[in-house]
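Count residues from 1 along the sequence.
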Amino acid sequence: QRAQSVRVISCREDSTDDHRPDAVIDYLAWHGVDAQAVQIEAPTKRAVAAIVDSATSSGCDLLDMGAYIHTRTHVLLFGSLTEYVLSEPTLPTLVVP
């Protein structure tokens with residue numbers, strides 16, 4: 001509620017991907033936070049970097065993200081958004097499990 005602006009960034013990884021941040025925007029509005037939805041597109045292997053780049057280029061000073069635990073095999077094959085963001089920090093990040 002004290003932020004000057006709030007952006008909810010979602011990344012569409014392919015043409016069948018239809019993740020929309022509407023539920024997050026509605027939740028924030030319910031709590032008095034005026035948030036702007038930003039949807040970007042990037043291939044799966046580039047999605048993590050695209051999200052961080054979008055946040056950085058729009059002047060965000062805090063990245064707030066959820067953490068999801070995958071199996072070790074999944075992380076070895078596909079990587080992990082959480083691991084990437086925390087291993088190469090470009091801006092302060094709050095991770096909520």
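- Nearest heavy-atom pair across Arg7 and Val38 is NH1-CG2, 3.9 Å.
- Separation of atoms NE2 (His31) and CG (Asp26) is listed at 11.0 Å; rounding is to 0.5 Å.
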If you look only at distance, which donor and acceptor atoms sit under 3.5 Å apart when one is on a side chain in residues 49-65 and the other is two or more places apart or in another chain?
unit_1	atom_1	unit_2	atom_2	d
Asp53	OD2	Arg46	NH2	2.9
Thr56	OG1	Val52	O	2.9
Ser57	OG	Asp53	O	3.0
Ser57	OG	Ser54	O	3.3
Ser58	OG	Ser54	O	2.9
Ser58	OG	Ala55	O	3.2

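- In terms of the side-chain contact (heavy atoms from CB on, under 4.5 Å) criterion, residue partners of Ala3 (sequence neighbours excluded) are, by chain and number, Val6.
- For Val24, the side-chain contact (heavy atoms from CB on, under 4.5 Å) partners at least two apart in sequence or on another chain are Val8, Leu28.
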